Amino acid sequence: MTNSSSLNTLNPEQRKAAETVQGRVLILAGAGCGKTLVLTMRMAHLVHSGIAKPEEILGLTFTNKAAAEMRRRMAKLLGEERSKKITLCTFHSFCLMVLRKDIQHLGYTKHFSLYDAHDIHRLITQISRTLLEHESVMPSLSPTINAISKARSQGVFDENSPVNDQWHDQFTKDVHKRLQDSLRAYNAVDFDNLLCLTVELFMKKPHILDEYQNRFRYLMIDEYQDTNPVQYQLAAHLSNKHNNLCVVGDDDQSIYGWRGAEVRNILEFDKACVIKLQQNYRSTNTILNAANAVIKNNKMRRDKELWSAIEGGESLEVFHAPTEIDEAQAVADRIVKLKESKNLSWKDIAILYRSNSLSRQIEMALLKKTWKNGDRWIQGVPYQIFGGEEYYERREVKDIMAYLRVILNPFDQEALLRIINLPRRGIGEETLDKLTSLNRQEGIPLWQVLQRQILNNTLELTDRSQKALEQFSNLMSEAKQKFENGNLRESVKWLIERVDFKRSIHEEVKSEKMRAFKWENVEEFVSAIGDYEDNLHKELRPQDISLHDFLTTTPLGQDKPFRQEKNIQEEKVTLMTFHSAKGLEFKACFLIGLEDHIIPHEKSLKETGIEEERRLMYVAITRAKRYLTLSMAKQRKRVGKDMPSRPSRFLFEIPKELLHISQWNCPP
DNA sequence: CGTCAGCGGGTTTTT
DNA sequence: CCCGCTGACG
């Protein structure tokens, strides 16, 4: 055992948390208190002491990043070999693993498609259109989409669900019902159902649950404050036998209520033992005092107070600019000054904001900023924005994946509709309408309607349309053959050529530059799927399984065939939302746009309430290690119009003596 | 069947 | 202001 892996390096609370391994344990870990350290040490301790074998430990996280970080640290503590045997993954990939093995008990086949939020959105739009066929106007769908996504995270997965009586209106209920029916008919599973179906499987097939219960005698869950009711059920099922469940989290950092997380899960965790970690190793006391002062205004929380051995620290810098443009400029100025005077590098600095739209002005200011490096003048502060579109979500990538989805699972109607006329091959709206009406009325899968139509032209289509359908069908069977016999990389290459994918990009995108970019993405896709294939053990993975693996793991992002690592190692200033900053830390943070209606966000106030907004503010403050600057503007463009803005009410909760209020345009 | 203008709507987002 | 979708036209 090396020095750093010894329990002696932990503080008494941390040590207790790592050593208490039996029964139900709740670890309340404040921001920056060494939560991940404790979790990994606890696992290492389980193994070292011989209490558990690595393969008997299951660690569930919310993000791939967290899982990867734990994995990395586990390898250090236990060595590659043993750490690999611990199951460390996200809830979603865990469920994917379970379903991949046993989904046939639920009426799906192993070739099921995985739908992401985009697919679901499209599907809901379609369903609503059908449902409202005779209405003259379509209502806005966002309330429906929101309500449905929330309900599903509560575990409403069929009509018999216990929580099925909380729908606001009949329409939403109907849409939801059809959504579930469609998914089933398409042999498709989405992110929410991944979890729901696993619970369903465990309830219907106790012997399968038994298998997992016997295998995973020790269960640990990270960021427990973010669990939704379905995840709660999952945890309950899995830990039911041995009852060794350790959950780690911080009620003060629960900021995902709007997508179904229940703070109550952590507040009411029924436990044998509670351990609080309150010593923070990240920030100065000044910063922590500000954070403590803000969060203590929340009623719904467990009492906690962070403290740090890092004494003193500089006051929080506050300034109030006339407009959002001035604010952005002032931030750029201060960033350069701060970097100079404190000898920081760009990557030590982050600019955080409540909503993405606030990044625009900042970007412009950073681009414009000129600064001096030694005796040279340099234009522009290097920066990096997080939260853009994921690679696999880009249209062209999803289009190719849609082809693969249909090849593997022709019932995947969502994907089929996506590609049936892409690139344009003369299967237009009218033809499609006729096909889908049969599909809707008789409930016959679109794929079958298509095949029948080709055989005996029941719909009496024109020759031209009929030809187009035939050609499409031939194309798909040719492709199927190819994929069954050839290797993945070659088959995909062939497919792109054969369907003339270049043309579809040409049709969809106007600018030459954008086209080049999209085509690059396509080429990257080919190489990514090739790499993926090379890394598989072919003997163990027949062709159709590896294609399925690829299509399901890619949206879940765990095996990162192409996702560029979201690392902050580059020499750039980081720009991101408060939400995506959770879990990260920076020497210097700039929180911008601290105005009422932005934080607390007025819409959010109505939906999730002020306490969640306050927690968000708390998360933002606790990202800073040494220097924290708070800013706002007196006037800000809102939906194109200049509007007056007031400082956030949360600012007034920070004791004055911690603040240094400065002139907006004259940095210290 | 395909294109383009005009209209409505705009918090956070990982999996 | 900026985006995406709808629906009217060529």
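Here is how names work: the chains are called A, B, and so on, in the same order as the sequence lines, proteins then strands, and each is numbered from 1. Computed from a predicted model, the values in this text were never measured in an experiment.
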Reckon E607(A) touches a base, only the sugar-phosphate, or nothing at all at heavy-atom distances under 4.0 Å?
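Base, at least one base atom sits under 4.0 Å.
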
Hey, does the side chain of [X] come within less than 4.0 Å of [N]'s phosphate (OP1/OP2), counting only N and O?
X       : N       : value
T431(A) : dC1(B)  : yes
N64(A)  : dT14(B) : no
S357(A) : dC2(C)  : no
R615(A) : dT12(B) : no

Please name the residue in the list D192(A), V189(A), D190(A) that meets the side chain to side chain contact (heavy atoms under 4.5 Å, CB included) test with L197(A).
V189(A)

Any Lys/Arg nitrogen of R354(A) or E613(A) sitting under 4.0 Å from an Asp/Glu carboxylate oxygen of the other?
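Salt bridge: yes.
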
Taking donor-acceptor contacts at under 3.5 Å, does the side chain of R259(A) reach the base of dT12(B)?
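Side chain to base: no pair present.
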
Within 45° of the axis and under 6.0 Å from the centre of the six-membered ring of Y618(A), does NZ or CZ of R615(A) qualify?
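Judged by the rule (NZ or CZ under 6.0 Å from the ring centre, within 45° of its axis), R615(A) is not positioned above Y618(A).
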
Quickly work out the [X] [atom1] to [N] [atom2] distance and round it to whole Å.
X       : N       : atom1 : atom2 : answer
L616(A) : dT11(B) : CG    : P     : 15 Å
H121(A) : dC5(C)  : NE2   : P     : 8 Å
D119(A) : dT15(B) : CG    : P     : 17 Å
K641(A) : dC1(C)  : NZ    : P     : 10 Å
L605(A) : dT12(B) : CG    : P     : 15 Å

Any luck finding a side-chain donor-acceptor pair between E363(A) and Y383(A) under 3.5 Å?
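Side chains of E363(A) and Y383(A): pair found under 3.5 Å.
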
